[in-house]
Amino acid sequence: MRVAAILPACIFATGETMEYDFKRIEQAWRGRWAGQGTYTTGEISDKPKYYVLDMFPYPSGAGLHVGHPLGYIASDIIARYMRHRGYNVLHPMGYDSFGLPAEQYAIQTGQHPAVTTEKNIARYREQLDKLGFSYDWSREVRTSDPAYYRWTQWIFSLIYRSWYNLEADRAEPVETLVAKFAENGNYNVHAACEDGWWKEIRDQLFFGPDWEGDFSATDWLSMTKKQRELILMQYRLTYLADSVVNWCPALGTVLANDEIKDGVSERGGHPVVQKKMRQWSMRITAYAQRLLDGLDSIDWPENIKEVQRNWIGRSEGALVRFPVAGYAAHIEVFTTRPDTIFGVSFMTLAPEHPLVPRITTPERREAVETYAKAAGLKTERDRQSEVKHVTGVFTGAYAVHPFTGEKIPVWIGEYVLAGYGTGAVMAVPAGDQRDWEFARKFASEGLTIPNIFAHADTSAGAETSKEAVLCNSDFLNGLSYRAAFEKVIAEIEQRDIGMRKVNYRMRDAVFSRQRYWGEPFPVYYEDGMPYLLDEQDGQVTLPEVDKYLPTDEGEPPLARARREAWNVWKGERMEYNTMPGWAGSSWYFLRYMDPHNQQAFASPEKTDYWKQVDLYMGGAEHATGHLLYARFWTKILHDRGYIAFDEPFKKMINQGMILGRSNYLYKLRISSELWSAGNSAAENNLDLIPQGEVPPFFISKEIAETENQPFNNLADNAEINAYLNEWTLKLLAKYPGKKGKLVPSGVQRLPVDISLVDSDVLDIERFMSWREEFAEANFLLNEHKVYICGSEIEKMSKSKYNVQTPDELVEKFGADTLRMYEMFLGPVEQSKPWDTKGINGVHNFLRKLWRLCHDTDNRFVVNEETPTAAELKILHTAIKKVTEDLERYNWNTVVSTLMICVNELTENKCNKRRVLEPLVVLLSPYAPHLAEELWQSLGHMASVTNAPWPEFDPACLEEDSFDYPVSFNGKTRFFIPLGTALSQDEVSRAVLAHEQTARYLEGKTPKKIIVVPRRIVNVVV
RNA sequence: GCCCGGGUGGUGGAAUGGUAGACACUCAGGACUUAAAAUCCUGUGUCCAGCAAUGGACGUGCGGGUUCAAGUCCCGCCCCGGGUACCA
């Protein structure tokens, strides 16, 4: 029998039959579940529904590690629990199978990403299957499957055919917009558009340079098809526009803001630069307010909501226009503190601001252009790293203060971002720290810090308190922020120099990617304009290409496809961009409801029944990406009448990360040096002996880390010196022309595979055969003659060699044990290091339960006797606690409760059906295989999956007597058993009468006696 | 800087204002065994006194407060983890 090797040796050595044979049990039940379709979702019915969903994985080549299933196990437990509770449960799984890694791999190997993806999915599935999840696999979706992305494309088309009506506050079909245009032009159209949208298309519409976007019905009717398209494009919820995008040269694609971390790409860490490109965008800004408001209606972790609020970045303020002296132009600023307008002493524009070239005076032109050019060349990261460094230049131009008429110098400065607000700041150094620092830095060039706050000293810093009272502010004197804010806006609007405005930090989402492995757009071009494919054109699928790289002209990979390779070709050319990774994941939860529908993404009957996801389980890292975009698309589908709800995920729980414990070695760094200090090393560098041939030398932790300065320490170490001397001599002999000696120059940490290390002790033999470069390695051991590795707790990753896969643990302990153990580790939300130390305890629990139901010959033994009150109490305590904990999503404490229950039943030697049967149901969400096995042994033909959840009976917990802890001044001193029927008075009398009481009273009379029935007695002395 | 989490034995953690440390791991001792493993039993927060059963003191990051009673509530700090930022 092959399994013998991995089973506890005892079982075979003693010749006993195996007791808890998890291998046989788990394999058998997996087969039966699949064969009988145990987890096939029920039809739409009168049963209440429950939708529990995991964030679907990207099937990476590395497979699952123990961190992935944490959330899957937790959600599976809830899915199973809800089935026991009589709910119709939808619990699907699928794959987010478009993505960069498969494509990068394709670029390197030429292998089609579909092939790699297929292989990876097979591996994922194999791993998932071993863990006993109750997924309905008949509903699996893959975003890269044309049958799936057909509907992603359809939703794109729907969004293209929509505009945002601000009056109705919802998306509407473009037809209603066209009808308005035909009737009355755009005079009464209140739509979500980019500010100044007309500037971009002014030249192509022949309305002249002063046109500001208004047109009449007559204008509209006289326009050509192309002109109308140009206009409509400005209104669509997804549109093609020249926008400043984050271009990542290394990946050859643009990235969305949420795909960038610290100024570099989230995947790969490549630099990102700002670039203007013609791109598809999604008008998510139209939904900013609703995305913000919707957060109040969903039960999500507060920190995720907060991240989304910050990302949306709503701020209330005013737009104010400052005329430019001597020009028919004005600078528009957005400010959240219009109340401080009398403190404006200069203005700062973004270097990219369009007015800058126009208003810069000839003598300042060179300085301004140099500055703007330097700023434009900088990457995001460079700009960020210079946060503390204030820079800027004067344009020579002046603006006119709209209230005082004073002339205000106009500067440009990097700290003003072109993409936020209007790209211009009215600088109030007295009230804003950044402005204050700018003014102080350029004080010598005439910038001042006029004080506008009574009783405030603005010489050391800005006064940012909103309680501060204004002075030197004309009609605002004596007011503080709140009152002044309202008053000044009223005045600004009255004088028609600006208006109240709510600004959002969030930008529209770029929707094009210059990559191959993504959804192709259902779009073709004619006369340079994009058009949607018609229904009868059929679905466009990914064409074959010769290479997965951009063309020589820098076009996306799809431009490589020969015309015949496209299954649909229309117009001059097809769209060569593909959709971003978040396209397919923004609506997948809807497809699970009706995964095989050929007529629609999902039928209304199905979406009306299943509605929102009741419990969404996943990582917090998608806070500003997936979780925001899915909400956005849900709202569009809702507005357009396709679904009845406008939030996708009613409740969400984030599972914490499981961290890995990595080990590393301390490698001696060796350099060559001259014997004597007479000559400089640089002159003789070429003659130094090469140190590259010295085999690696590793130093045990205690020696390498005894001091903070290991180098000094190492130089004194006799063994290290002996080693280096030996090699110095060898090398000198080998290279007669060279000179010098080898010296230690510190240590370097080298990650080592954790499978080569046991409790930080390195298995030297296996390490040396791990890689060829270590075959000759030498080791400096500690006093116990072993090599101790360093360790660190960090994210599991391939490169750290600290990945723990679930496979080996399932092999060793079984899936039921692993499931319980992962829950037993602690609250799911918390991140924690992976440690298998305790897994034995959980495994022992399952074996103990097995022994409770089986005799020493491993025969199933349950009797039909009536349980005692004590046994019923044990059972019902567990029923109560397990139920309450699952309702509160406290997965970890359920495991302890079940342990206590089994421990106590074992003590009572209770193997009665009326106790064990409910217990098996309690266990089944956690250890479904074992529960099925026992359930069957108990004589049931049907699966335990749908067995009703045990009903808690409070009567079973009732006691005649309670062991009261008696405390004096809050300190518990002794216990007395008292009848639970006693009144509070009777209890206090009993306590006072107790022999021990006198001792703690020390002759004093108690001031007060507090009796909390069935809890505690506290005597106040 | 700002916004979230979190701080409890040697370790993971438990505790709806009411017996702090459940349940496990680890470790130690014992039983069974030729032996080992497995299993079972006992002990295991720290300190003090005692041969002992036991008794006492301290104890949930620190300092205050509310309360008969605080790990839990309030105020002020410290430390750790995560997120985020020239956002006007």
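Source: prediction; values computed, not measured. Convention: sequence-line order gives letters A, B, ...; per-chain numbering from 1.
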Would you tell me if any nitrogen or oxygen in the side chain of Arg1015(A) comes within less than 4.0 Å of OP1 or OP2 on A69(B)?
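Checking A69(B) against Arg1015(A), no side-chain N or O comes under 4.0 Å of OP1 or OP2.
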For a quick check of understanding: with a heavy-atom distance under 4.0 Å over all strands, which category does [X] fall into, base, sugar-phosphate or nothing?
| X | answer |
| --- | --- |
| Arg973(A) | sugar-phosphate |
| Phe975(A) | base |
| Asp963(A) | nothing |
| Phe346(A) | nothing |
| Asn1018(A) | base |

For G55(B), give its Watson-Crick or G-U wobble partner with both distances under 3.5 Å, or none.
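C48(B) - that is the nucleotide pairing with G55(B), both distances being under 3.5 Å.
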Please report the distance, rounded to the nearest Å, between [atom1] in [X] and [atom2] in [N].
| X | N | atom1 | atom2 | result |
| --- | --- | --- | --- | --- |
| Ile1010(A) | G18(B) | CD1 | P | 14 Å |
| Asp435(A) | C87(B) | CG | P | 10 Å |
| Asn840(A) | C40(B) | CG | C1' | 16 Å |
| Trp311(A) | U84(B) | CH2 | C1' | 10 Å |
| Phe974(A) | U54(B) | CZ | C1' | 17 Å |
| Tyr20(A) | U39(B) | OH | P | 14 Å |

What string of B, S and - do you get for nucleotides 5-14 of chain B, 5' to 3', if B is base contact, S is sugar-phosphate-only contact and - is no contact with any protein heavy atom under 4.0 Å?
------SBSS
Please round to the nearest 0.5 Å and tell me the distance separating atom CG of Leu470(A) and atom CD of Glu463(A).
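That separation rounds to 10.0 Å.
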Among G56(B), C86(B), U19(B), the nucleotide that comes nearest once only the side chain of Thr972(A) is considered
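Ranking G56(B), C86(B), U19(B) by closest atom to the Thr972(A) side chain puts U19(B) first.
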Would G5(B) be called syn or anti here, given the cut-off of 90° from 0?
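Because its glycosidic torsion lies more than 90° from 0, G5(B) adopts the anti conformation.
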If you take all heavy atoms of Ala878(A) and Thr897(A), which pair is closest and at what distance?
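Nearest heavy atoms, Ala878(A) then Thr897(A): CA-CG2, 3.8 Å.
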Check whether the ring centres of Phe346(A) and Phe438(A) lie less than 6.0 Å apart, and answer yes or no.
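Ring centroids of Phe346(A) and Phe438(A) are less than 6.0 Å from each other.
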So among Phe845(A), Trp834(A), Tyr926(A), which one has a ring pair (Phe, Tyr, Trp, His ring centres under 6.0 Å) with Tyr821(A)?
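Per the ring pair (Phe, Tyr, Trp, His ring centres under 6.0 Å) rule, the option paired with Tyr821(A) is Trp834(A), out of Phe845(A), Trp834(A), Tyr926(A).
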For the P atoms, the ones on A37(B) and on C27(B), what distance do you get once it is rounded to whole angstrom?
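These two P atoms come out 12 Å apart once rounded.
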Of Ile1016(A) and Asn903(A), whose nearest nucleotide on RNA chain B comes first from the 5' end?
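Looking at the nearest nucleotide for each, Ile1016(A) comes out on the 5' side.
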